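The shown structure was predicted, so the numbers you read here are calculated from the model rather than taken from an experiment. A, B, ... follow the sequence lines: proteins, then strands. Residue 1 opens every chain.
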There are 2 protein chains.
Amino acid sequence: MSAPTIRAVAELAGVSIATVSRALSHPDKVTDATREKVLAAVKATGFIPNRQAVDFRRRSTGNVVLLVRDISNPFYLDIYRGVEEHAYANGYRVLMGDAGHDDQRILRYVEMVRNRQADGLILMTGRVPEAIHSAPLPPIVVSLELVDGVRLPTIAIDNRAAAALAINYLVGLGHSRIAHITGPMTDVMPRQRHEGYRAALAAAGLPVDPALTVHADFHYEGGQRAVEQLLSGAAAFTALFCSNDEMAVGAINALRARGLSVPGDISVVGFDDIVFATASDPPLTSVRQPRREIGRASMAMMIDLLEGRADPANAILPVELVERASAAPCTVNARRALLR
Amino acid sequence: MSAPTIRAVAELAGVSIATVSRALSHPDKVTDATREKVLAAVKATGFIPNRQAVDFRRRSTGNVVLLVRDISNPFYLDIYRGVEEHAYANGYRVLMGDAGHDDQRILRYVEMVRNRQADGLILMTGRVPEAIHSAPLPPIVVSLELVDGVRLPTIAIDNRAAAALAINYLVGLGHSRIAHITGPMTDVMPRQRHEGYRAALAAAGLPVDPALTVHADFHYEGGQRAVEQLLSGAAAFTALFCSNDEMAVGAINALRARGLSVPGDISVVGFDDIVFATASDPPLTSVRQPRREIGRASMAMMIDLLEGRADPANAILPVELVERASAAPCTVNARRALLR
DNA sequence: CTGTTAGCGCATTCAA
DNA sequence: TTGAATGCGCTAACAG
């Protein structure tokens, strides 16, 4: 009843188990004739190598941990798919973990690598705890984010350019007072998007009014609160750039709750192009990141790392602006809001 | 440099490796004195058991596959969290996979269990391929769904009662013409919700008009299309029950696109209470499933199964109706829609 | 209660 | 090119 082992194959093929192992793992180190004999015996017995034994012997696990900033963000689902697809195609498995802004949680996943429960770590968190340096770093790929002070293989987008893309679009629509709701500024990625916002305004010869930047947390309610704060401030604006879509949807609903029309009074552009960007009312114009591809590329880089292939080169993936209906030309109507 | 093994601990403690193993795995099978000696040596050497060796020897992997109906549904993120938390706390790891309505994908995950890459399978898909029966079933827990024809340990909610909860609520608001947008009727779970809908109407003494039921697919666009279909039909209605929130949001947007007000003209109730239920406009009234708890309970049942504890009893978890703003009393205004 | 012994299934030396 | 022998790190009989 138990599965056939390499021994059964060896017996049937009339060779040693070493030869069977070689015929399967290093086909070129064996004569054509014996390889065929072995393969036939493999088929006849229905032999499937015991992955656990293989991994144990090779001192690898085939597991890779995908550690994300906030697992409740649907954004990461597509990332996961990309990672998982490429992993599966190459015989790896993916364990997704939630960093949850908690150093302990991050360390616990690093421990998994040290305990031989996983081979490497794909980090999609904005930070790593100091304690991670208490031992040699495991194989790590950093994706979407950058970590201050450590140089690691990275898959990312150009966050500055991506933010500028959104701003230039709004400027092209005639907007000159553009507000920005940021993510947590303790992290590099939200800071970069903010820099892109400022740089694009400056490049367009527009003033950068600090009162038009509000810091938030990437969540729905944070977007709502940020709008309240903007609206209760003295500075007027006709457009709003949000560093992710979840905040943008919150912002839109808060604007409408205050009786403002989107995009009639205020244009809104988000970031990420999550599923619910289409579902919001109005459908959200947003900067799309190639999520699936980011996941795929991250896993590919991890495999390069694990299998010792030439230094993986960092990669910057392209983004695009998806035009929907939440941004419109700056109108007279909107100017009223501006002059409010 | 390489990690200390059990041998180093044995040497330091002055006992055999078997005793070290026992002191750690079966503490009650050694004397207090030796246990303390061993534990001290463990601490001194910094020994951490090599999980791979342990699992290899025990012929278990510590991996559990969570196979979901559609990984792009944010609903499953909280499920995953529940599963993962309980798994981690008990030394297990979770691999999430996407069934994607594809028998091949499902079989491929079943194969993972047979190849000793995982110990068991938590199924959150509406169906299992026939081919699964070509070999003895691996340890399986079915959650949220029921699979026709196989009796397996199950964690679920009472879908009929949950649907009835929504319908009774709408009836209580004075609605008598209530439409229903279902999920894919090939699966048991959507059928049960539909039965609940019919039963609740009948129990309230209301007619069940087949023209008011439209079959869809649990997706946003499906919800939109279903509303188009309802609106172009002859049968009028003042309320709408959707078998999940994603469709409900699509439905609301489609209703508003047709110039109908929610809940002014039509009341809408969804199912699942996903994050974006709050974010829709108006915020969606919905039946909430205890996602995290469902995940936790599923993993707990899986562990019982794997560790051979007494037959795990099936569990039915409670749901609740979360009242927001998408449903309102049936008004004169709404009656107009009814009489349209 | 503890130590000795014998593997788990495979990859990889080393000789032949 | 192949086979015999060794051991990865640990658990689980079995004796003592």
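- Among the heavy atoms of the strands lying under 4.0 Å from B/R59 are primed sugar atoms or P, OP1, OP2 only; no base atom is included.
- Not a single donor-acceptor pair under 3.5 Å links the side chain of A/N115 to the backbone N or O of A/Q117.
- Put simply, NZ on A/K29 is 12 Å from P on D/dT2, counting in whole angstrom units.
- Per the geometry, CG belonging to A/N115 stands 14 Å off C1' belonging to D/dG9, to the nearest Å.
- Applying the side chain to side chain contact (heavy atoms under 4.5 Å, CB included) test to B/R116 and every residue at least two apart in sequence or in another chain returns A/N50, A/Q52, B/R59.
- Less than 4.0 Å separates DNA chain D from at least one heavy atom of each of the following residues of residues 31-56 of chain A: A/T31, A/T34, A/F56.
- Residue pairs meeting the salt bridge (Lys or Arg N to Asp or Glu O under 4.0 Å) criterion with at least one partner in residues 6-30 of chain A, sequence neighbours excluded, do not occur; the list is empty.
- Of the N and O atoms on the side chains of A/D55 and A/T61, not one donor lies less than 3.5 Å from an acceptor on the other residue.
- Using five terminal pairs a side, the axes of the helix from C/dC1-D/dG16 to C/dA16-D/dT1 at its two ends make an angle of 40°, given in steps of 10 degrees.
- Separating the CD atom of B/E11 from the P atom of D/dG9 is a distance of 14 Å, rounded to the nearest angstrom.
- First and last contacts of DNA chain C with chain A, using any nucleotide atom under 4.0 Å from a protein heavy atom and ordered 5' to 3', fall at C/dG9 to C/dT13.
- Scanning all heavy atoms of the two residues, the minimum distance from B/I6 to B/F47 falls at N-CE1, 3.4 Å.
- With sequence neighbours left out, B/R151 forms a side chain to side chain donor-acceptor pair (under 3.5 Å) with no residue at all.
- Residues passing the side chain to side chain contact (heavy atoms under 4.5 Å, CB included) test with A/R57: none are found, sequence neighbours excluded.
- For A/R108, the salt bridge (Lys or Arg N to Asp or Glu O under 4.0 Å) criterion is met by B/E84, not counting sequence neighbours.
- For B/F56, the ring pair (Phe, Tyr, Trp, His ring centres under 6.0 Å) partners two or more places apart in sequence, or in a different chain, are A/F56.
- For A/L152, the side chain to side chain contact (heavy atoms under 4.5 Å, CB included) test picks out A/L137, A/I140, A/V142, A/V150, with sequence neighbours left out.
- Each of A/M299, A/H86, A/M302 was scored for a side chain to side chain contact (heavy atoms under 4.5 Å, CB included) with A/Y92, with one residue passing: A/M299.
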What does the list of N/O pairs under 3.5 Å between the protein and nucleotides 3-5 of chain D look like, with a distance for each?
residue	atom	partner	partner atom	Å
D/dG3	OP2	A/S16	N	3.1
D/dG3	OP2	A/S16	OG	3.3
D/dG3	OP2	A/T19	OG1	2.5
D/dG3	N7	A/R22	NH2	2.9
D/dG3	O6	A/R22	NH1	3.4

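- Applying the side chain to side chain contact (heavy atoms under 4.5 Å, CB included) rule to A/D78 yields the partners A/R81, A/R291; only residues at least two apart in sequence or on another chain are considered.
- Taken to the nearest 0.5 Å, the CD1 atom of B/I71 stands 10.5 Å off from the OH atom of B/Y76.
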